Asker: 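I'd like to ask some things about the structure below.
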Amino acid sequence: MNLRGPVALALALVALHATPAHAANILANPGFESGLSGWTCGTTSGAQAVSSPVHGGARALQATPQGSDYARCQQSVTVKPNTAYQLSAWVQGNYVFLGATGTGGTDPQTWGAPGAVWSQLKTSFTTGPSTTSVTVYVNGWYGQGAYLADDVVLDGPGGTPDTQAPTVPGTVSVGGATSSSLTVSWGASTDNVGVARYEVSRDGGAPVALTGTSHQATGLAAATTYRFKVRACDAAGNCSAYTPEASGTTTSGGGGGGGLPKRVMVGYLHASFANGSGYIRMSEVPNEWDIINLAFGEPTSVTSGDIRFRQCPAAECPNVEPEADFVAAIRAKQAQGKKVLISIGGQNGQVQLTTAAARDKFVESVSAIIDRYGLDGLDIDFEGHSLYLNPGDTNLANPTTPVVVNLISALRSLKSRYGAKFVLTMAPETFFVQLGHQFYGPGPNGAADSRSASYLPVVHALRNDLTLLHVQDYNSGPIMGLDGQYHTMGGHDFHVAMTDMLLAGFPIMGNAGNVFPPLRQDQVAIGLPASPNAGNGFTTVAEVQKAFDCLAKGVNCGAYRPRGVYPNLRGLMTWSINWDRYNGFEFSRSHRAYLNGLT
């Protein structure tokens, strides 16, 4: 409705005396609902209005810096001289900048690095005595991937800034339980200007922002109780108090491996070869280990899919036990609640399932090993050139490269054959997982290593069947974390940063519209060398436990701050049980006692 003339003037005067007016947003198309209308963006940035993710409305700006171009999008707007203005925007990305130029005074600029979570940037300025126009801008930073911006606000003159918070949301309820998710809902809030978003906090952690009155919390541990509280915020950044907490419990199941404790220790046993650490009989494996991975099953040739396992020959391992004793010891471990798996691959076991025939042979031969020794499941330890992505294979959920597609199919077949109790674990290197934050396959210009992050589509496809992912946080180069910084192995920060990426999820190649979703906390363990002899990146007991404290309890964190607290982080994996014994059992005894002491 439009009011004009004397009636409008009279109402305006009444409003002036009754309650303060609120500053208006004087930008055109501030939420990019009309595409890039009103905005000028760099020609090489690929700037576009995307429908997901958005902070408010139906669209948001997405742009990607290229070379020395920061992917700046800007808008010139008419202003009044000698007048104070407030500038704000909601953003996502590794580095995002917000500012204004031509203000006639000190041009403001602010920045943030919120990653894949919406965060509000705010700054202000006062125009000069002759300033009638300013240019507002938002941009990223070179080499830092795509950024997102939405709900850009330039508060104009003539009113009082909004300082009134919305009302507290209505009663929170939690339901819709599955083994890995809960649905949270609440009553709507009201606000004098309008509610811009709701923020949902789980177990006191960092809130998730959304615009509706319900939220599905995913990536949760099975049979676990979670607490939720909600608050409402307006576009000016005023937020209500949180609601009282409401709790819900996920159902049991998911991922296989029933009977494992809440905190697990996973160790590889050199069952088929000897090295400087010495051979250990199955019956001699210490009780600290919950999952024992037999290393390794290897193919008859790289592309055959025909996996074979044999015990270490007596010529290499003079104290190797007879097969009957080996099998009997496996049964004894299983009677104690331990899980014994066959691990496929390793440093020398290149497995490329390039054909359907190789896929089928893989299923047949792995099943034969599991059946012969009565094993509980399978560990995938593909390294080297086993996995890669072909050019153009960029869809995480629908991969097309045969070695990836056939491995996914083979693992699903094995899971189907052995049922819900089948234990499936994976031990990729950081190169094949977390590197995906920067590189995925050969990349758009074909210059990157085709193996980059090639485990991601496999993990994603099997996430409902996966018992544990324990990435090798060793033998790794520097990897960029969610904070946009490179982290190097050997200290607690590396393990915190790498694990946080798995539990918070991360944008692939910096593209906020293409995200690897978080895994459940109970699906993730930290992979480590058992001793300085076992691999590059050995981390001391104190540093490992400092990392676990930070992730699981939110204390003892260093420079890197994880996106949340993960009380159900599952445990630790090590290479290897043999190297642990060589090092006086420091790893297993120290960390078993530590894990047992956690709630």
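Nothing here was measured: the structure is a model prediction, and the numbers come from that model. The first residue of the sequence shown is numbered 1, and numbering continues consecutively from there.
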Asker: Is there a donor-acceptor pair closer than 3.5 Å between any side-chain N or O of His470 and the backbone N or O of Met426?
Answerer: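 Yes.
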Asker: Does a side-chain heavy-atom distance below 4.5 Å link Pro114 with Val91?
Answerer: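 SC-SC contact between Pro114 and Val91 confirmed.
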Asker: Shortest non-hydrogen contact from Cys557 to Pro562?
Answerer: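 Shortest heavy-atom separation between Cys557 and Pro562 comes out as SG-CD, 4.1 Å.
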Asker: I want to know whether Tyr95 and Tyr147 have ring centres closer than 6.0 Å.
Answerer: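 No, ring centres 6.0 Å or more apart.
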Asker: Distance alone, cut at 3.5 Å: any donor-acceptor contact between the side chains of Glu298 and Gln350?
Answerer: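 Not at all, the side chains of Glu298 and Gln350 share no donor-acceptor pair under 3.5 Å.
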Asker: Is there a side-chain contact between Val565 and Lys553 (heavy atoms, below 4.5 Å)?
Answerer: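 No, every pair of side-chain atoms sits at 4.5 Å or beyond.
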Asker: Between the side chains of Asn475 and Glu429, does any donor sit under 3.5 Å from an acceptor?
Answerer: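 Side-chain D/A pair, Asn475 to Glu429: absent.
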Asker: Enter the distance from Lys421:NZ to Lys339:NZ here, rounded to the nearest 0.5 Å.
Answerer: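 One finds 7.5 Å between NZ of Lys421 and NZ of Lys339.
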Asker: To the nearest 0.5 Å, how far apart are OG in Ser454 and OH in Tyr388?
Answerer: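 Going from the OG atom of Ser454 to the OH atom of Tyr388 covers 10.0 Å.
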Asker: What's the separation between atom CG in Leu435 and atom CE in Met509, rounded to the nearest 0.5 Å?
Answerer: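 Separation between the atoms: 10.0 Å.
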Asker: Backbone N or O of Gly481 within a donor-acceptor pair of the Gln434 side chain at under 3.5 Å?
Answerer: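 Looks like no, no N/O pair under 3.5 Å.
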Asker: From the options Asp580, Asn287, Thr574, select the one residue that forms a side-chain hydrogen bond (donor to acceptor under 3.5 Å, both in side chains) with Ser588.
Answerer: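 Single side-chain hydrogen bond (donor to acceptor under 3.5 Å, both in side chains) partner of Ser588 among Asp580, Asn287, Thr574: Asp580.
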Asker: How long is the span from the OG1 atom in Thr224 to the CG atom in Asp203, to the nearest 0.5 Å?
Answerer: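 Result: 10.0 Å between the selected atoms.
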Asker: Quick one, Cys550 with Val496, criterion side-chain contact (heavy atoms from CB on, under 4.5 Å). Give me CA distance, side-chain angles, the key distance, then yes/no.
Answerer: CA-CA 7 Å; Cys550 177; Val496 173; 3.9 Å; yes
Asker: Is atom CZ of Arg310 surrounded by more than 12 heavy atoms (other residues, nucleotides or ligands) closer than 6.0 Å?
Answerer: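 No.
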Asker: Evaluate the side-chain contact (heavy atoms from CB on, under 4.5 Å) criterion for residues Met498 and Val471: first the C-alpha distance (whole Å), next the side-chain angles of each, then the deciding distance (0.1 Å), finally the verdict.
Answerer: CA-CA 9 Å; Met498 295 303 99; Val471 175; over 6 Å; no
Asker: Minimum heavy-atom separation for Ile307 and Gly297, please, with both atom names.
Answerer: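 Shortest heavy-atom separation between Ile307 and Gly297 comes out as CG2-C, 3.8 Å.
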Asker: Measuring from Ser365:OG to Phe309:CZ, what's the distance to the nearest 0.5 Å?
Answerer: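 Taking OG in Ser365 and CZ in Phe309, the distance rounds to 13.5 Å.
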Asker: Is there a donor-acceptor pair closer than 3.5 Å between any side-chain N or O of Arg281 and the backbone N or O of Asn319?
Answerer: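 Yes, the answer is positive, given that a donor and an acceptor are paired below the 3.5 Å cut-off.
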Asker: Tell me, with the steps shown, if Asp290 and Arg592 meet salt bridge (Lys or Arg N to Asp or Glu O under 4.0 Å).
Answerer: CA-CA 10 Å; Asp290 302 297; Arg592 180 78 273 169; 2.6 Å; yes
Asker: Report yes or no: does Asp381 contribute a side-chain atom to a donor-acceptor pair with the main-chain N or O of Ser343 at less than 3.5 Å?
Answerer: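 Here the side-chain-to-backbone pair does not exist.
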Asker: For a quick test of reading the model, state the closest non-hydrogen atom pair linking Ser576 to Tyr268 and the distance between them.
Answerer: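 Closest pair (atom of Ser576, atom of Tyr268, distance): CB-O, 3.1 Å.
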Asker: Keeping Arg412 on the side-chain end and Ala461 on the backbone end, is there a donor-acceptor pair under 3.5 Å?
Answerer: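 Indeed, once roles are kept as given, a pair shorter than 3.5 Å links the two residues.
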Asker: Can you tell me if CZ on Phe585 sees more than 12 non-hydrogen neighbours from other groups inside 6.0 Å?
Answerer: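 It does: Phe585 CZ has more than 12 such atoms within range.
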Asker: Is the shortest side-chain heavy-atom distance between Ser416 and Phe422 below 4.5 Å?
Answerer: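 Result no, sub-4.5 Å side-chain heavy-atom pair not found.
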Asker: What class does the angle between the rings of Phe516 and Phe506 fall in, given that below 30° is parallel, 30 to 60° is tilted and above 60° is perpendicular?
Answerer: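 Tilted, since the angle between the ring planes falls between 30° and 60°.
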Asker: Any donor-acceptor pair under 3.5 Å linking the side-chain atoms of Asn514 with those of Tyr440?
Answerer: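 Distance-only check fails for Tyr440 and Asn514.
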Asker: Less than 4.5 Å apart, any side-chain heavy atom of Pro53 and any of Gln92?
Answerer: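 Touching, per the 4.5 Å side-chain cut-off.
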Asker: Does a donor on one side chain and an acceptor on the other come within less than 3.5 Å for Tyr566 and Asp500?
Answerer: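 Asp500 and Tyr566 do have a side-chain donor-acceptor pair below 3.5 Å.
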Asker: Please test Arg372 against Glu323 for salt bridge (Lys or Arg N to Asp or Glu O under 4.0 Å), starting from the C-alpha separation and ending with a verdict.
Answerer: CA-CA 10 Å; Arg372 177 169 182 169; Glu323 183 177 80; 2.8 Å; yes
Asker: One pair to check against ring pair (Phe, Tyr, Trp, His ring centres under 6.0 Å): Tyr455 and Phe431. What are the steps and the verdict?
Answerer: CA-CA 9 Å; Tyr455 249 94; Phe431 178 89; over 10 Å; no
Asker: Heavy atoms, side chains only, cut-off 4.5 Å: are Ser277 and Asn533 in contact?
Answerer: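 Result no, sub-4.5 Å side-chain heavy-atom pair not found.
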Asker: Given the side-chain rings of His270 and Tyr279, with only the six-membered ring counted for Trp, is the space between their centroids under 6.0 Å?
Answerer: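 Here the rings of Tyr279 and His270 have centres that are no less than 6.0 Å from each other.
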Asker: Yes or no on side-chain contact (heavy atoms from CB on, under 4.5 Å) for Asp473 and Thr539, after CA distance, side-chain angles and deciding distance?
Answerer: CA-CA 10 Å; Asp473 285 1; Thr539 310; over 6 Å; no
Asker: Of the non-hydrogen atoms in Ala358 and Thr354, which two are nearest, and what is the gap between them?
Answerer: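 It is CB-N, 4.4 Å.
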Asker: Measure from the side-chain N and O atoms of Asp522 to the backbone N and O of Arg570, and report whether any donor-acceptor pair falls under 3.5 Å.
Answerer: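 Such a contact is absent between Asp522 side chain and Arg570 backbone.
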Asker: Counting only N and O atoms by type, is there a donor-acceptor contact under 3.5 Å from the side chain of Asp393 to the main-chain atoms of Thr400?
Answerer: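 Yes; at least one donor-acceptor contact below 3.5 Å.
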Asker: Say whether Gln352 and His385, considering side chains only, have a donor N or O and an acceptor N or O under 3.5 Å apart.
Answerer: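 Gln352 vs His385: no donor-acceptor pair found between side chains.
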Asker: Can you check whether Leu503 reaches Pro518 side chain to side chain, under 4.5 Å on heavy atoms?
Answerer: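 A side-chain contact is absent here, since even the closest heavy-atom pair is not under 4.5 Å.
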Asker: In Å and rounded to the nearest 0.5 Å, what is the CD1 to CG distance from Ile344 to Leu378?
Answerer: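 Atom-to-atom, Ile344:CD1 and Leu378:CG are 5.5 Å apart.
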Asker: Taking side chain as C-beta onward, heavy atoms only, is Thr425 less than 4.5 Å from Val266?
Answerer: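 Not touching, per the 4.5 Å side-chain cut-off.
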Asker: Looking at Asn398, is its backbone amide N or carbonyl O close enough to the side chain of Asn395 to form a donor-acceptor pair, meaning the two atoms are under 3.5 Å apart?
Answerer: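 Here the side-chain-to-backbone pair exists.
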Asker: Against Leu375, only a single residue in Val423, Ile369, Val366, Leu341 fulfils side-chain contact (heavy atoms from CB on, under 4.5 Å); can you say which?
Answerer: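 The residue from Val423, Ile369, Val366, Leu341 that satisfies side-chain contact (heavy atoms from CB on, under 4.5 Å) with Leu375 turns out to be Ile369.
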Asker: Carefully, step by step, assess Tyr582 and Trp575 under the rule ring pair (Phe, Tyr, Trp, His ring centres under 6.0 Å).
Answerer: CA-CA 12 Å; Tyr582 184 87; Trp575 177 264; over 10 Å; no
Asker: Before giving the answer on side-chain contact (heavy atoms from CB on, under 4.5 Å), spell out for Leu407 and Phe382 the whole-Å C-alpha distance, their side-chain angles and the decisive distance to 0.1 Å.
Answerer: CA-CA 11 Å; Leu407 177 60; Phe382 285 11; 3.8 Å; yes
Asker: Any idea which heavy atoms bring Thr64 and Gly145 closest together, and the distance?
Answerer: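 For Thr64 and Gly145, the tightest heavy-atom pair comes out as CG2-C, 4.2 Å.
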Asker: Given side chains that start at C-beta, do those of Val524 and Leu468 come closer than 4.5 Å, heavy atoms only?
Answerer: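 Result no, sub-4.5 Å side-chain heavy-atom pair not found.
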Asker: For the pair Ser386 (side chain) and Val351 (backbone), establish whether a donor and an acceptor sit closer than 3.5 Å, ignoring hydrogens and angles.
Answerer: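 It does hold such a pair.
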Asker: Taking all atoms of both residues into account, what is the closest heavy-atom pair of Asn406 and Arg359, and its distance?
Answerer: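 Taking Asn406 first and Arg359 second, the nearest heavy atoms are O-CG, 3.4 Å.
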Asker: Is a side-chain N or O of Thr401 found less than 3.5 angstrom from the main chain of Val404, in a donor-acceptor match?
Answerer: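 No, the answer is negative, given that no donor and acceptor are paired below the 3.5 Å cut-off.
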